[in-house]
Amino acid sequence: MNKPQPVNLQLTSMKFPATAIISILHRASGVILFFLIPFILWALAVSLKSAAGFQQLHAFLTTPVMKFILWGSLSALVYHFVAGLRHLLMDFGFAEGKQSGKVSAVITMSIAVIIIAVLGVLIW
Amino acid sequence: MVNNVTSYSGNGLRDWLLQRVSAYVLGFYLVFLLCVYFLNPSIDYALWHSLFANIWVKLFTVLALLSLLVHTWIGIWTVITDYVKVTGIRLLKEAIVMLALLTYLVWALVILWSM
């Protein structure tokens with residue numbers, strides 16, 4: 001019973017399939033969005049309170065650092081939305097197979113990347 | 001099955017369905033806000049304020065906020081039950097998340113009705 005265990009932990013040889021990457025990013029972006037809720041509510045409160053508050057928030061969000069944070073936050077939202085649409089399509093029976101699931105994962109990622117790039121252009 | 005006490009509806013299938021329903025509401029709300037932005041790219045305070053002063057927008061926003069509470073609770077619950085194995089710590093984190101979400105809901109309602 002004392003057979004030597006196979007040692008095959010070549011980490012570089014292991015990689016996640018596209019479906020797994022899509023899934024974990026959906027989860028991660030969801031958790032990020034949860035932590036963003038208070039900041040979004042704060043921005044909503046300030047922007048609705050007065051014209052001066054609206055202006056101040058606009059000035060604050062257009063500083064270089066905040067532009068980057070805004071872009072990152074909106075990216076999480078866009079990604080979570082697009083990956084969520086994939087789930088809703090699967091509810092209707094689309095892309096439920098192994099191969100079609102992989103294809104839809106790649107398409108989902110591509111769409112998300114394109115929208116996030118467009119967002120970057122709109123912000124800067 | 002003990003975990004079910006802390007899940008949003010106490011029933012996996014119902015949680016699954018609520019996650020979908022709330023996803024549709026939040027998705028449509030996001031599309032609505034996007035439409036507002038693309039129709040008025042240089043949105044100013046007057047327009048922004050009148051938008052949320054509209055009773056239908058307010059109702060849609062409340063619907064989205066309720067969906068956000070349900071959707072976030074089910075999502076974060078799933079994440080916590082996956083990774084936090086110690087019951088006491090898990091319950092503590094779940095309680096903190098639920099209290100935070102309820103606080104956000106009340107805060108958002110106050111924002112909408114005191115603008």
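Owing to the predicted nature of the structure, the values given are computational and were not obtained by experimental measurement. Keep in mind that the numbers below use all heavy atoms, side chains included, and drop hydrogens, waters and symmetry copies. Below, chain A is the first sequence line, B the second, and so on; all start at residue 1.
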J.: Is the shortest heavy-atom distance from the side chain of B:W16 to the side chain of A:D91 under 4.5 Å?
T.: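 A side-chain contact under 4.5 Å exists here.
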J.: Over all heavy atoms of both residues, which pair between A:L48 and B:H49 is shortest? Give the atoms and the distance, please.
T.: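 Distance-wise, the nearest heavy atoms are O-CD2, 3.4 Å.
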J.: For B:Y104, is it the side chain, the backbone, both or neither that has a heavy atom under 4.5 Å from a heavy atom of chain A?
T.: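 For B:Y104, heavy atoms of backbone and side chain both lie under 4.5 Å from chain A.
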J.: Counting C-beta onward and ignoring hydrogens, is there a side-chain heavy-atom pair between B:V79 and A:F34 closer than 4.5 Å?
T.: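 Counting from C-beta outward, B:V79 and A:F34 never come under 4.5 Å.
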J.: Taking the side chain as everything from C-beta on, heavy atoms only, tell me whether B:L101 gets closer than 4.5 Å to A:I37.
T.: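 Yes, close enough: below the 4.5 Å cut-off.
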J.: Is there a path of hydrophobic side-chain contacts, each under 4.5 Å between heavy atoms, that joins A:W42 and A:V65?
T.: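 Same hydrophobic cluster.
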J.: Heavy-atom pairs under 4.5 Å with chain A: which of B:V110, B:L112, B:T103, B:D44 has the most?
T.: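 It is B:D44.
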J.: Give a yes or no on whether B:I55 and A:L44 share a hydrophobic cluster (residues Ile, Leu, Val, Met, Phe, Trp, Tyr; joining criterion: side-chain heavy atoms under 4.5 Å apart).
T.: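 As far as the 4.5 Å side-chain criterion goes, A:L44 and B:I55 are not connected within one cluster.
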J.: Any link between B:Y24 and B:L65 through a network of hydrophobic side chains (Ile, Leu, Val, Met, Phe, Trp, Tyr) touching at under 4.5 Å?
T.: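 Yes, it is one cluster - the side chains of B:Y24 and B:L65 are joined through contacts under 4.5 Å.
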J.: Pick one of side chain, backbone, both or neither for A:H80, based on which atoms fall under 4.5 Å of a heavy atom in chain B.
T.: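 Looking at A:H80, just its side chain touches chain B.
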J.: Decide whether B:I80 and B:I96 are clustered together by the hydrophobic rule: side chain heavy atoms of Ile, Leu, Val, Met, Phe, Trp, Tyr closer than 4.5 Å, transitively.
T.: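 Each belongs to a different hydrophobic cluster.
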J.: Given a strict heavy-atom distance threshold of 4.5 Å, which part of B:L68 is in contact with chain A: side chain, backbone, both, or neither?
T.: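 For B:L68, the side chain is the part near chain A, not the backbone.
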J.: Working to the nearest 0.5 Å, report the span between CD1 of B:I43 and CZ of A:F54.
T.: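 Between atom CD1 of B:I43 and atom CZ of A:F54 there are 6.0 Å.
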J.: Mind running side chain to side chain contact (heavy atoms under 4.5 Å, CB included) on A:F81 and B:L26 for me, showing each step along the way?
T.: CA-CA 9 Å; A:F81 178 80; B:L26 289 167; over 6 Å; no
J.: Measure B:W48 against the heavy atoms of chain A and call it side chain, backbone, both or neither at under 4.5 Å.
T.: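 Both backbone and side chain.
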J.: Look at atom NZ of A:K49 and say whether more than 12 heavy atoms of other residues, nucleotides or ligands are closer to it than 6.0 Å.
T.: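 Not more than 12 within 6.0 Å, no.
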J.: What do you reckon, is CH2 of B:W113 surrounded by more than 12 foreign heavy atoms closer than 6.0 Å?
T.: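 More than 12 heavy atoms, drawn from other residues, nucleotides or ligands, come within 6.0 Å of this atom.
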J.: Do A:F35 and A:M66 land in one hydrophobic cluster if side-chain heavy atoms of ILVMFWY residues count as linked below 4.5 Å?
T.: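 Shared cluster, yes.
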J.: Count the heavy atoms of every other residue, nucleotide or ligand shown that sit under 6.0 Å from CH2 of B:W107, and state whether that count exceeds 12.
T.: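 Counting neighbours around CH2 of B:W107, more than 12 heavy atoms of other residues, nucleotides or ligands fall under 6.0 Å, so yes.
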